[in-house]
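This report concerns only the one structure given below.
A quick note: this is a predicted structure, and the numbers were derived from the prediction, not measured. Starting from 1, each residue takes its place in the sequence as its number.
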Amino acid sequence: MDTLWDNIEKLSVIYRAAGSHLPDEELKALQVGKVAEEAGEAMHALHGLKGLTTCGDDHAWSEVQNDLVGAVIAALLAMHYIDPTGARAAFDEILHRRTRRGREAAVAT
């Protein structure tokens, strides 16, 4: 079974091929922008869920989750574009550092 990062690497090959006509730095920037786009879609779905849109769209929590996963995938792809060989290690290190307080709080209880 493929791991999350195996799938990200496969998607990266496909998307990089589609964007092969673009300079590498532009492709990286566009992928970072894709993260914001996907997060915006999650926010739109949340607004629809709460009846806060003027377009009459009905949404469900499952749509919010779908768009959040899209944002996560886009973010992991962006990390892979930035550093194809080091993205996994960078992610693990950043996750470890950013979750330190939660681990410490769990131990204290």
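Residues Leu77 and Ile8 share a closest heavy-atom pair of CD2-O, 3.5 Å. Leu49 and Ala60 get closest at one heavy-atom pair: CD1-CA, 3.7 Å. Listed here is the closest heavy atom pair of Ala71 and Ala39: CB-N, 4.0 Å. Taking every heavy atom of both residues into account, Ala74 and Gln31 meet most closely at O-NE2, 3.2 Å.
Partners of Leu68 under the side-chain contact (heavy atoms from CB on, under 4.5 Å) rule, at least two apart in sequence or in another chain, are Ala42, Val64. A search for side-chain contact (heavy atoms from CB on, under 4.5 Å) contacts involving Ile14 returns nothing, not counting sequence neighbours.
Judged by distance alone, with hydrogens and angles left aside, the side-chain atoms of Arg103 form a donor-acceptor pair with the main-chain N or O of His96 at under 3.5 Å. Of the possible donor and acceptor atoms, none in the side chain of Ser12 sits under 3.5 Å from a partner among the backbone N and O of Glu9. Judged by distance alone, the side chain of Glu38 and the main-chain N or O of Val69 form no donor-acceptor pair under 3.5 Å. Remark: the backbone N or O of Glu63 is not paired with any side-chain donor or acceptor of Asn66 at under 3.5 angstrom.
In this structure, Arg101 places its CZ atom where only 12 or fewer heavy-atom neighbours from other residues, nucleotides or ligands lie under 6.0 Å away.
Side chains of His59 and His47 form no contact here, defined as non-hydrogen atoms less than 4.5 Å apart.
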### Task
Test side chain to side chain contact (heavy atoms under 4.5 Å, CB included) on Asp24 and Lys28 and set out the steps.
CA-CA 6 Å; Asp24 191 55; Lys28 289 175 188 177; 3.0 Å; yes

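In this structure, OG1 in Thr99 is found 10.0 Å from CD in Glu104, a value given to the nearest 0.5 Å. Note that CZ of Phe91 is 5.5 Å distant from CG of Leu76, once rounded to the nearest 0.5 Å. In this structure, the separation between NE2 on His80 and OH on Tyr15 is 13.5 Å, given to the nearest 0.5 Å. The structure places CG of Leu52 at 11.0 Å from NE2 of His44, a figure rounded to the nearest 0.5 Å.
Under the 4.5 Å side-chain heavy-atom criterion for Ile, Leu, Val, Met, Phe, Trp and Tyr, Trp5 and Val35 are members of distinct hydrophobic clusters. There is no path of hydrophobic side-chain contacts, each under 4.5 Å, that joins Leu27 to Ile82. In the hydrophobic cluster analysis, where Ile, Leu, Val, Met, Phe, Trp and Tyr join through side-chain heavy atoms closer than 4.5 angstrom, Leu11 is grouped together with Leu30.
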